[in-house]
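Sequence lines set the chain letters: A, B, ... in the order given, protein chains first and strands last, and positions in each chain run from 1. All figures in this text were calculated on a predicted structure; none of them were measured in a lab.
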Number of protein chains: 2
Amino acid sequence: MIIIGELINGTRSKVKEAIAGRDADCIAGLAVKQAEAGADFIDCNPGTVGEQEAKDMQWLVETIQAATDKPISFDSPNPQAVQRGLEMYTGEAMPMINSVTAEPGSVEKMLPIVLEAKVNVVALALGEAGMPTQGGQREEVARQLIDRLVDGGIAASQIFVDPIISPLSTSPEACLHILQAIGAIREYCPECHITCGLSNISFGLPNRRLMNRAFIGLAMQAGMDSAVVDPLDQKIMAHIVVIEALLGQDEFCMNYIQAHRAGKLDV
Amino acid sequence: MIIIGELINGTRSKVKEAIAGRDADCIAGLAVKQAEAGADFIDCNPGTVGEQEAKDMQWLVETIQAATDKPISFDSPNPQAVQRGLEMYTGEAMPMINSVTAEPGSVEKMLPIVLEAKVNVVALALGEAGMPTQGGQREEVARQLIDRLVDGGIAASQIFVDPIISPLSTSPEACLHILQAIGAIREYCPECHITCGLSNISFGLPNRRLMNRAFIGLAMQAGMDSAVVDPLDQKIMAHIVVIEALLGQDEFCMNYIQAHRAGKLDV
């Protein structure tokens with residue numbers, strides 16, 4: 001699993017304050033803790049707008065990469081902010097842009113940046129018709145996005161398709177639709193990655209973390225190989241280790257045994 | 001999910017002592033606790049042999065049904081012990097025999113009992129060739145068993161197919177083979193139940209309960225609708241409630257919300 005650590009997000013009040021007050025220790029601490037806990041990418045979402053967002057992105061990127069060499073996921077719909085982040089990025093590992101959608105103009109605005117910088121890109125299955133409600137709609141929009149990005153010169157292995165999780169509280173079939181879409185996308189493009197903002201599944205319900213980790217196992221079984229999660233949540237990280245072992249992605253359970261010895265499975 | 005509570009099993013040392021010493025309070029307590037925790041069947045395995053097993057089965061059945069009206073699963077390869085259990089059974093709900101196999105003579109010995117008593121029957125995918133190692137072998141033996149039982153006059157809905165879980169520690173593909181077999185059996189016989197002795201998956205590995213509950217989610221997604229588990233393990237019972245909600249088996253998440261309100265999801 002490719003883990004995108006979600007904690008540096010300006011919509012969280014503590015992070016919003018840290019960005020506004022340029023509290024580098026707070027941001028660096030969140031970056032280091034997520035890297036140590038197993039994040040493969042550090043998501044970076046300033047949560048502001050316009051020129052302020054570009055300034056905040058610049059400061060966040062400088063702060064994060066002074067603390068860890070994990071690649072950054074530049075998380076903003078604002079091409080100016082993403083571009084600023086990329087300009088500041090000095091890491092060796094290929095970073096990520098989150099995201100392009102199938103909404104009018106999105107691919108056109110972001111594609112030149114993605115091609116120029118050779119980055120991974122999250123392709124959010126958000127079409128002109130708005131939020132998808134059926135599995136079939138998700139896979140149709142995802143296929144269109146994959147085709148446009150590949151036709152534009154992006155390698156399939158740089159694409160992280162996000163089928164968009166709908167809350168189970170709004171539809172009893174929300175999870176089934178997502179699992180169906182993940183399976184169809186995996187079949188359509190075996191080289192792509194499939195990711196998601198996991199916690200949407202439990203929106204509006206109690207015991208959200210319990211549901212999030214139960215869901216991640218089902219999604220991995222369907223073909224998902226990445227997720228935006230809180231890597232400091234030891235229970236979900238342990239669950240991912242176990243599911244990888246069960247799905248034959250951890251030969252001889254070496255990683256499972258290692259996690260056990262490190263006490264990471266005592267959750 | 002149809003939960004078969006596994007705790008009254010003479011191979012467990014505490015239960016072995018209780019059976020030998022005719023400690024009715026211990027056995028009745030285990031029966032009541034499992035029923036209260038959500039067991040649909042109370043498994044009853046004397047763990048002895050020959051005429052002694054028949055005597056122990058008789059005492060266990062009398063003791064269990066004095067404590068709860070949940071149906072009993074008569075768990076023994078010994079037709080004499082199973083027959084004795086059935087003779088003592090006074091419950092209204094259809095009990096269960098665990099098990100028949102595809103080994104020579106097994107179906108022939110048990111089928112008359114199953115037909116006479118109109119009971120559910122666990123069909124263990126254990127063929128003449130011994131333990132299955134590949135998904136394909138499991139489903140082949142399971143198909144043969146289903147056909148023989150149905151031809152013999154048993155309704156498909158009375159059959160609980162057990163594809164036999166192999167430990168992940170012996171093969172990195174053990175879980176994948178099981179999931180494939182579950183899917184194939186579900187497709188072959190939609191009316192059958194599919195059950196398993198869950199804890200085999202984690203045999204020889206640490207953090208077994210963590211792995212057992214991660215596995216049960218994957219197996220349920222593949223089509224399993226029953227399991228032999230410890231219903232006093234609150235974490236696995238909570239996980240089952242969440243997976244049922246995710247898989248659309250709990251409309252409007254009513255059972256999930258109810259379990260939350262009862263504090264059963266705070267694990």
Side-chain angles (χ1 to χ4, degrees), chain A residues 165 167-180 183 201-202 204-222 234-236 238-267, chain B residues 165 167-180 183 201-202 204-222 234-236 238-267:
Chain A
I165 312 286
L168 189 67
S169 56
T170 61
S171 159
E173 295 192 309
C175 172
L176 293 173
H177 287 154
I178 290 286
L179 297 176
Q180 179 191 319
I201 193 70
S202 60
L205 288 170
N207 298 94
R208 294 190 61 180
R209 284 176 180 246
L210 177 68
M211 178 166 279
N212 296 346
R213 62 182 182 268
F215 173 71
I216 206 170
L218 305 187
M220 288 169 70
Q221 182 175 6
Q234 292 185 343
K235 288 184 177 176
I236 199 165
H239 198 70
I240 290 169
V241 168
V242 183
I243 297 283
E244 284 179 331
L246 288 169
L247 294 179
Q249 299 167 1
D250 173 18
E251 202 157 9
F252 303 114
C253 299
M254 292 299 283
N255 191 42
Y256 181 86
I257 305 274
Q258 199 171 26
H260 160 70
R261 289 188 178 144
K264 292 181 181 174
L265 303 185
D266 302 329
V267 291
Chain B
I165 312 286
L168 190 67
S169 56
T170 62
S171 159
E173 293 190 313
C175 172
L176 293 173
H177 286 155
I178 290 287
L179 296 177
Q180 179 191 318
I201 192 72
S202 60
L205 288 169
N207 298 94
R208 293 189 63 180
R209 284 179 179 244
L210 178 68
M211 178 167 280
N212 296 348
R213 61 181 184 268
F215 172 71
I216 207 171
L218 304 186
M220 288 170 70
Q221 183 174 5
Q234 292 186 343
K235 287 183 178 179
I236 201 166
H239 198 70
I240 290 169
V241 168
V242 183
I243 297 285
E244 284 180 330
L246 288 169
L247 293 180
Q249 298 166 2
D250 174 17
E251 202 156 11
F252 304 115
C253 298
M254 291 299 283
N255 191 41
Y256 181 86
I257 304 273
Q258 200 171 25
H260 159 71
R261 289 189 179 144
K264 291 182 181 173
L265 304 184
D266 301 330
V267 292

Q) Roughly how far apart are M211(A) CE and H260(B) NE2, rounded to 0.5 Å? A)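 Going from CE on M211(A) over to NE2 on H260(B), the span is 11.5 Å.
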So, taking the atom named CG in L265(B) and the one named CZ in R209(A), what distance separates them when rounded to the nearest 0.5 Å?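 If I round to the nearest 0.5 Å, the distance is 15.5 Å.
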Given a strict heavy-atom distance threshold of 4.5 Å, which part of A245(B) is in contact with chain A: side chain, backbone, both, or neither?
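Both backbone and side chain.
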Honestly, the part of V267(B) sitting under 4.5 Å from a heavy atom of chain A is both
Checked S202(A), A222(A), P206(A), A238(A) vs chain B; the most non-hydrogen pairs under 4.5 Å come from P206(A)
Scored by heavy-atom pairs under 4.5 Å with chain B, the best of L218(A), V242(A), L247(A), I243(A) is L218(A)
Report yes if some heavy atom in the side chain of [X] is under 4.5 Å from a heavy atom in the side chain of [Y]; otherwise report no.
| X | Y | result |
| --- | --- | --- |
| L246(A) | L179(B) | no |
| L205(B) | I257(A) | yes |
| C253(A) | L168(B) | yes |

Interface check, chain A: of G217(B), G248(B), A259(B), A214(B), most non-hydrogen pairs under 4.5 Å belong to A214(B)
- Query: Can you tell which of F215(B), F252(B), Y256(B) has the highest number of heavy-atom pairs within less than 4.5 Å of chain A?
  - Reply: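 Most heavy-atom pairs within the cutoff with chain A belong to Y256(B).
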The interface call for D266(A) against chain B, heavy-atom contacts under 4.5 Å, is both
Is H239(A) in contact with chain B via its backbone, its side chain, both, or neither, using a 4.5 Å heavy-atom distance?
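Side chain only.
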